[in-house]
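Letters A, B, ... are given to chains in the order of the sequence lines, protein chains preceding strands, and every chain is numbered from 1.
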Amino acid sequence: MTRLSEYWLPTEKQDRPDAEAISHRLMVRAGLVRQLGAGMWTWLPAGWRVHERAVQIIREEMNAIGGQEMLMPVLQPAESWRKSGRLGIEELFKLTDRKGSELVLAMTHEEAVTTHVAQIVSSYRDLPLILYHFQVKERDEPRPRAGVLRTREFIMKDSYTFDRDAEGLEERYQLHVGAYDRILDRTGLEWYRVQSDVGMMGGLGAHEYMAPCAAGENEVALAPGFAANVEVASAFAQPVELPPSQPAPERVSTPGLTAVAGVAGFLGLPAGALLKAYPVVLDDARLVMVLVRGDHRVNEIKLAAVLGKPSRPARSEEIESQLGPPGFIGPVGLDGRVEILLDEAVDLAGSYVTGANVPDAHLRGVTPGRDFQFRPADVREVCVGDTVNGHPIRIERAIEVGNIFKLGTRYSEPLGASYLDASGREQAIWMGSYGIGPARIVAAAVEQFADEHGISWPSALAPFAVHLVAVGKRDTEERAAADELYETLRAGGIEVIYDDRDVRLGEKFADAELLGCPVRLTVGRQALADKEAELQLRRGLQRAPGLAIGGARADLIRALEELCQGLP
RNA sequence: CGGGGAGUGGCGCAGUCUGGUAGCGCACCCGGCUGGGGGCCGGGCGGUCGCAGGUUCAAAUCCUGUCUCCCCGACCA
């Protein structure tokens, strides 16, 4: 039943003043979603249709690689989370039942699926397996934002693979790469598959699927043949013109100049001719000095990977007591008291300016290796101007719509998921986990294709293929013609929303453009005279040749189907 | 967790500083005109001013506490 006079599509003329992201604004205005609380969203009928179109594409591609759909509960015993070591996660909702039993609301389903597999699988003959479900995820996000982009409850397709060994995992992983590539292609989104951080879980490899748009919370670095989350990206730095080398470091007075820009300006050097000292403290309270070029920034995720453990920036009093005055610290003369990590973008033969470890002074003519010992490491964040294989990189904001992750035995070991191999030996099962968020796909589609009039859906996701607008009042000839066309389209299997409301035409057109179905058909007096419904394509608001409505119904349906096939 | 802002009919807001009859636009209901880009006229319905406590003859307004929501940052297994 998709007559607008009876359909629950609460559109709004005005934007919500507090909605910033395009998708947040338009999805509320178009009547697709409504907010219930912070990070809690209801999908209204038209919005749910879009969501389910994304779901169906995902389901078909998962089935195509041999995935088996199932359903696991959100409410779970805390025990397996304790075993896996994830009970302490702050984002995990925890609760107790009336008997005092500890429960959690699952944020993903590794614990549940691995528990089942541990119980059920016992032989190498039972493997491999690809299991998946669409299920609600609960996460106590510190800051939900941007409509459905970051919520505390959302539906995710998560799949889990179980293999005998690393080679099997690689195979299952590649199947997911193929499936995810096809899913993203089919949605009509612009997207990238990027290398990503394996996180604190220490996985064996991971990729993210990113949809570029302004509301994105991630940044991706891109060049021909190269795509990576800036969290992990590495590239060649643009060279810097350095001053001539000196036989030994020389102290220069730099009163009050604690920032790179100030020192560089004062000495007439580019920022890249300085070495910026970034002291961090490890969990065992050990201090490490990280040095990057003055025009670069430390990437804390890459740093954590190099250090093998998390660190935090050192506090002023720690810097003061162990190194020197904050703002004037440097690597020279520390005599091995603190470890020094030197970023690989630093020219080892170069002559640099560093802090002197005394107030209001820097050293110039400092050369790594000669003047201080160090461990080389790639710890800087890539930036515009860097190159990969000679191509300059660009950096774009993007929404993470999916991720795939080689887990290895991270969960199978603590949860006891093992099998007997052909020789009767017990082996840990090798796992992978793979997530994709239909809501984020939907929001990304809004972000990528909206214009000043509203949403413009890719055909694959549109709530309806055709938005049919009746012009005339009730009980007129043109209204009767529109009614008839609606019934014809329905009978022909076309997904159509029919605006039969008794409101002004301007309001109908405005709502049609807001909702963003790919094809708009209008039936009024002119159409009736020409025996053609007026046709406008939503993408670009192009007027197209009319659709003949006088002839055979089958011809009309075929013409419309052909038209829809060709739309983006 | 740090910083900023906001809670007043369904929605968007004014009123709060300086306490004294709760108001405007949209939406909604009724009637009429109009009918190819959010139209016009007339009449109506609808609000314990987030919640709790306090001050006062009197509180949307002053005081205290508390809850919720939004934005920026931190965080995001």
Side-chain angles (χ1 to χ4, degrees), chain A residues 10-21 24-25 28-29 31 34-41 81 84-92 104 106-111 137-147 149-152 154 156 158 196-203 206 208 215-218 229 231 300-301 304 310 312-313 399-400 403 405-407 410-411 414 431 433 435 437 440 453-454 469-476 478-479 482 499 501-514 520-530 533-534 536 541 543:
Chain A
T11 56
E12 305 231 323
K13 257 190 228 185
Q14 284 182 311
D15 271 332
R16 303 288 164 122
D18 50 11
E20 296 285 326
H24 182 188
R25 262 177 38 223
V28 172
R29 271 191 65 197
R34 280 292 171 106
Q35 184 173 20
L36 195 59
M40 293 173 261
W41 288 83
W81 291 75
S84 71
R86 295 212 297 177
L87 194 56
I89 293 175
E90 284 192 50
E91 282 75 22
L92 183 66
V104 304
M107 49 198 298
T108 61
H109 283 73
E110 280 86 356
E111 281 78 2
K137 301 290 175 269
E138 304 284 348
R139 295 186 187 178
D140 192 359
E141 288 285 348
R143 183 150 105 78
R145 74 177 116 191
L149 274 183
R150 179 167 290 277
T151 56
R152 293 198 287 179
F154 60 96
M156 179 162 97
D158 39 327
S196 71
D197 182 31
V198 292
M200 288 300 145
M201 291 171 33
E208 288 163 340
E217 297 182 292
N218 297 86
N229 193 315
E231 291 176 348
E300 308 215 4
I301 290 167
R312 60 168 173 81
I399 297 176
E400 179 189 345
N403 62 68
F405 204 97
K406 292 181 196 169
L407 292 170
R410 161 71 180 81
Y411 291 90
M431 292 177 55
S433 80
R440 283 191 170 179
H453 300 282
V469 175
V471 177
K473 284 192 291 187
R474 289 183 194 286
D475 304 320
T476 59
E478 57 265 35
R479 173 58 68 96
D499 195 346
R501 294 174 301 170
D502 197 12
V503 300
R504 300 231 137 204
L505 187 67
E507 195 172 337
K508 293 187 178 191
F509 283 167
D511 277 350
E513 279 146 23
L514 190 56
R520 189 184 80 192
L521 288 174
T522 307
V523 175
R525 218 167 295 162
Q526 287 164 21
L528 212 54
D530 300 343
E534 290 159 43
Q536 187 191 58
L541 294 180
R543 185 70 178 266

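The residue A:Ala146 sits close only to the backbone: its heavy atoms come under 4.0 Å of sugar-phosphate atoms, none of a base. A:Glu231 comes within 4.0 angstrom of nothing in the nucleic acid, heavy atoms only. Heavy atoms of A:Ala38 sit under 4.0 angstrom from primed sugar atoms or phosphate atoms, though from no base atom. If you check every strand for non-hydrogen atoms under 4.0 Å, A:Glu400 touches nothing. Nucleic acid contact for A:Asn218: none, since no nucleic acid atom lies under 4.0 Å from a heavy atom of the residue. Counting non-hydrogen atoms under 4.0 angstrom, A:Glu217 reaches nothing in the nucleic acid.
Of the candidate nucleotides B:G37, B:C71, B:C69, B:C71 has the atom lying nearest to any side-chain atom of A:Arg143. When distances run from any side-chain atom of A:Lys13 to the nucleotides B:A77, B:G37, B:C26, the shortest one goes to B:C26. Residue A:Val471 places its side chain closer to B:G36 than to any other of B:G12, B:G36, B:G37. Closest contact between the side chain of A:Phe509 and the listed nucleotides B:G37, B:G36, B:C69 involves B:G37. Checking B:G37, B:C69, B:C71 against every side-chain atom of A:Arg152, the shortest atom distance belongs to B:C69. Nearest to the side chain of A:Met40, among B:C69, B:U34, B:G36, sits B:C69. The listed nucleotides are B:A77, B:G37, B:C76; the one nearest the side chain of A:Arg520 is B:G37. Among B:C75, B:G39, B:A74, the nucleotide with an atom closest to any side-chain atom of A:Arg145 is B:C75. The listed nucleotides are B:C76, B:G36, B:G35; the one nearest the side chain of A:Thr522 is B:G36. You'll find that the side chain of A:Leu505 is closest to B:G37, out of B:G37, B:A77, B:C70.
Rounded to whole Å, the distance from CD on A:Gln14 to C1' on B:A27 is 10 Å. Remark: P of B:A77 and CE of A:Met156 are 11 Å apart, rounded to the nearest angstrom. Rounded to an integer number of Å, the gap from A:Arg525 CZ to B:G37 C1' is 16 Å. Distance A:Asp502 CG to B:G39 C1': 14 Å, rounded to the nearest Å. If you measure from atom CD of A:Glu141 to atom P of B:C70, you get 13 Å, rounded to the nearest angstrom. With rounding to whole Å, A:Asp511 atom CG is found 18 Å from B:G36 atom P. Atoms CG (A:Asp15) and P (B:C70) sit 16 Å apart, rounded to a whole Å.
The base of B:G36 sits within donor-acceptor range of the side chain of A:Glu534, with an N or O pair under 3.5 Å. In this model, no side-chain donor or acceptor of A:Glu12 finds a partner on the base of B:G10 within 3.5 Å. Residue side chain A:Arg504 does not reach the base of B:G38 through any donor-acceptor N/O pair under 3.5 Å, judged by distance alone.
Taking atom P in both B:A77 and B:G38, one finds a spacing of 49 Å when rounded to whole Å. B:C49 and B:C13: their C1' atoms are spaced 13 Å apart (whole Å).
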Could you check A:Thr108 against A:Asp158 for side-chain hydrogen bond (donor to acceptor under 3.5 Å, both in side chains), going step by step and ending with a plain yes or no?
CA-CA 8 Å; A:Thr108 61; A:Asp158 39 327; over 6 Å; no

